[in-house]
Number of protein chains: 2
Amino acid sequence: MGKGDINRQKIVAAADDLFYRQGYVHTSFSDIADAAGIPRGNFYYYFKTKDEILAAVIDQRAHHLAETLAAWEAELADPRDRLRRYVDMLTAEQEHIAQYGCPMGSLCTELAKLRHALQSDAARMFEVVRAWLERQLKALGRARDARQLALHLLARGQGIALITNAYRDRAFLQREARELKRWLDAL
Amino acid sequence: MGKGDINRQKIVAAADDLFYRQGYVHTSFSDIADAAGIPRGNFYYYFKTKDEILAAVIDQRAHHLAETLAAWEAELADPRDRLRRYVDMLTAEQEHIAQYGCPMGSLCTELAKLRHALQSDAARMFEVVRAWLERQLKALGRARDARQLALHLLARGQGIALITNAYRDRAFLQREARELKRWLDAL
DNA sequence: GTCTATATACGGATAGAC
DNA sequence: GTCTATCCGTATATAGAC
């Protein structure tokens, strides 16, 4: 891996973080360059436009998500345990969620308002999760309604993240996570 | 009501619409002035800063919301019918939601990322709804957990709106609205 | 590959004539 | 109350020296 690749990676990592914490529109090239430790001018050697960085960030998030979910699948044999693990992610990330919301949800919301060309790419992050949830639900014997249940679970998580963020209320997130687990157990 | 008040009202109405459809950061003074039919320069006679417009928009949304909810309370005697009516709002607004998400949720999400001073004011829109839901739930005999159930309902609605927006999937919204009503009936 | 200087456009905001 | 002209900062983006 050359030095160029390392710089490229640093830029994407910095942009990923800043897009999450500040939003896409509100984050400037300078912000990213400063955070990555790359001089403003040299920036354009790696990315020609802001959209290119966004595409790289979406790609990275989708890959990271897929890796995490695959690891849970390898680690846990019982599909119900895997789904529980998914809910545990909410609790584990409660600090970030209270401050910045969900990285997938808030980005999709922002890009929808911008009528951004990459909005459908951002929605593919959700697809990664939805497909994984659906597979676990099928393994649980819910083949018929697995897809709908997966979307339902996705929406529940997004609602919890949004309200937790708006109210800065981690106690709410914890209560709802417990309730989601009861819902899983009843499936 | 003088001409100044009318112009002021036109500005707030235009800003309300644009903040919903384009987001706060991405909407410029020029956008609002153009939409309201007010010359750019004259704008500052009514509002000194963009934040002042935002404050007026939040105020208007909260008032409009309170009026709508009060009307439902006057129209329907049964608290369960009132709650059903709340769920019906999702279905009625499905076109807007699919395109732009929830006006409350998307604004709170955006302001949280900006670390905007008015973020807590925006959250007060949620409080108007939460308090109303809580009252209906208490009237249903759920005094003990009315507050938690109200927040739960709020979060369910937000999750549905977000996923509907991300996937542009009105069928999902309709299915989830039906499910929410079943949940209400089981209370 | 790295960095400086700079072009160009647009944002929010102001002064002041009418 | 209305409108024009304009300031200043910042944003994206480019040219070109090193």
Side-chain angles (χ1 to χ4, degrees), chain A residues 1-58 107 110-111 113-119 121-122, chain B residues 1-58 107 110-111 113-119 121-122:
Chain A
M1 189 163 76
K3 198 172 179 186
D5 291 322
I6 293 175
N7 273 343
R8 219 190 123 89
Q9 215 180 342
K10 277 202 287 189
I11 290 172
V12 176
D16 192 344
D17 180 54
L18 287 167
F19 289 170
Y20 177 43
R21 285 176 13 217
Q22 310 188 343
Y24 177 67
V25 190
H26 195 238
T27 299
S28 72
F29 272 179
S30 301
D31 290 340
I32 303 172
D34 289 349
I38 310 271
R40 275 170 228 9
N42 197 22
F43 208 91
Y44 289 85
Y45 175 74
Y46 298 102
F47 293 96
K48 299 286 167 256
T49 67
K50 206 178 169 183
D51 288 0
E52 272 184 38
I53 307 176
L54 178 60
V57 166
I58 290 173
L107 184 60
E110 185 175 8
L111 296 186
K113 292 217 190 282
L114 302 180
R115 317 239 123 222
H116 198 287
L118 294 178
Q119 202 240 327
D121 292 71
Chain B
M1 189 163 76
K3 197 172 177 186
D5 290 321
I6 293 175
N7 274 342
R8 219 189 124 89
Q9 215 180 341
K10 277 203 287 188
I11 290 172
V12 176
D16 192 344
D17 179 54
L18 287 167
F19 289 170
Y20 177 42
R21 286 178 10 220
Q22 311 188 344
Y24 177 67
V25 189
H26 195 238
T27 299
S28 70
F29 271 126
S30 302
D31 291 339
I32 304 172
D34 289 350
I38 309 272
R40 275 171 227 7
N42 196 22
F43 207 91
Y44 290 85
Y45 175 73
Y46 298 102
F47 292 96
K48 299 286 167 255
T49 68
K50 207 178 169 184
D51 288 0
E52 271 184 39
I53 308 177
L54 177 60
V57 166
I58 291 173
L107 184 61
E110 186 176 7
L111 296 185
K113 292 217 190 281
L114 302 179
R115 319 237 123 223
H116 198 289
L118 294 178
Q119 203 240 327
D121 292 70

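In what follows, every heavy atom counts, from backbone to side chain, and hydrogens, waters and symmetry copies are set aside. We name chains A, B, ... by the order of the sequence lines, and we start the count at 1 in each one.
In this structure, Asp34(B) atom CG and dG11(C) atom C1' are separated by 14 Å, rounded to whole Å. One interatomic measurement links the two molecules: CG of Asp51(A) to C1' of dA13(D), which rounds to 13 Å at whole-angstrom precision. When the P atom of dG12(C) is taken as reference, atom NE2 of His26(A) falls 12 Å away, rounded to whole Å. With rounding to whole Å, Phe47(B) atom CZ is found 19 Å from dG11(C) atom C1'. For the pair Ile6(B) CD1 and dT2(D) C1', the computed distance is 15 Å after rounding to whole Å. Counting to the nearest Å, the P atom of dG1(D) and the CZ atom of Arg8(B) are 11 Å from each other. If you take CD of Glu52(B) and P of dG12(C), they are 14 Å apart, rounded to a whole angstrom. Following rounding to the nearest Å, Tyr46(B) (OH) and dG1(D) (C1') show an atom-to-atom distance of 6 Å.
Legend: residues meeting salt bridge (Lys or Arg N to Asp or Glu O under 4.0 Å) with Asp51(A), ordered by chain and number and at least two apart, are absent. The side-chain contact (heavy atoms from CB on, under 4.5 Å) test applied to Lys50(B) returns Tyr24(B), Phe29(B), not counting sequence neighbours. With sequence neighbours excluded, the residues satisfying side-chain contact (heavy atoms from CB on, under 4.5 Å) with Asp17(A) are Arg21(A). When the side chain to side chain donor-acceptor pair (under 3.5 Å) test is applied to Asp34(B), the partners found at least two apart in sequence or on another chain are Arg40(B). The side chain to side chain donor-acceptor pair (under 3.5 Å) check on Ser30(A) picks up nothing, with sequence neighbours excluded. Applying the side chain to side chain donor-acceptor pair (under 3.5 Å) rule to Asn42(B) yields no partners; only residues at least two apart in sequence or on another chain are considered. Scanning for side-chain contact (heavy atoms from CB on, under 4.5 Å) contacts around Ala56(A) gives Val12(A), Phe47(A), with sequence neighbours left out. Under the side chain to side chain donor-acceptor pair (under 3.5 Å) criterion, His26(B) pairs with no residue, sequence neighbours left out. By the side-chain contact (heavy atoms from CB on, under 4.5 Å) test, Ala14(B) is found to be paired with Ile32(B), Ala35(B), Ala36(B), residues two or more places apart in sequence or in another chain being considered.
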> Between Lys113(B) and Val25(B), is a side chain to side chain contact (heavy atoms under 4.5 Å, CB included) present by the stated rule, with each step listed?
Replying inline: CA-CA 11 Å; Lys113(B) 292 217 190 281; Val25(B) 189; over 6 Å; no
>> Please determine whether side chain to side chain contact (heavy atoms under 4.5 Å, CB included) holds for the pair Ile58(B) and Leu107(B), giving the CA-CA distance in whole Å, both sets of side-chain angles, and the decisive distance to 0.1 Å.
In response: CA-CA 9 Å; Ile58(B) 291 173; Leu107(B) 184 61; 4.0 Å; yes
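Using a 4.0 Å heavy-atom distance criterion, Tyr44(B) is classed as a base contact.
Listed pair Tyr45(A) / dG1(C) meets the phosphate criterion, a side-chain N or O lying under 4.0 Å from OP1 or OP2.
Taking only side-chain atoms of Phe29(A), from C-beta outward, the nucleotide of dG1(C), dA13(D), dG12(C) with the closest atom is dA13(D).
Shown for residues 35-42 of chain A: residues whose heavy atoms fall under 4.0 angstrom of DNA chain C, namely Pro39(A), Gly41(A), Asn42(A). Within residues 16-24 of chain A, no residue has any heavy atom under 4.0 Å from DNA chain C.
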With the criterion being N/O to N/O and under 3.5 Å, what pairs connect the protein with nucleotides 8-10 of chain D, and how long is each?
none

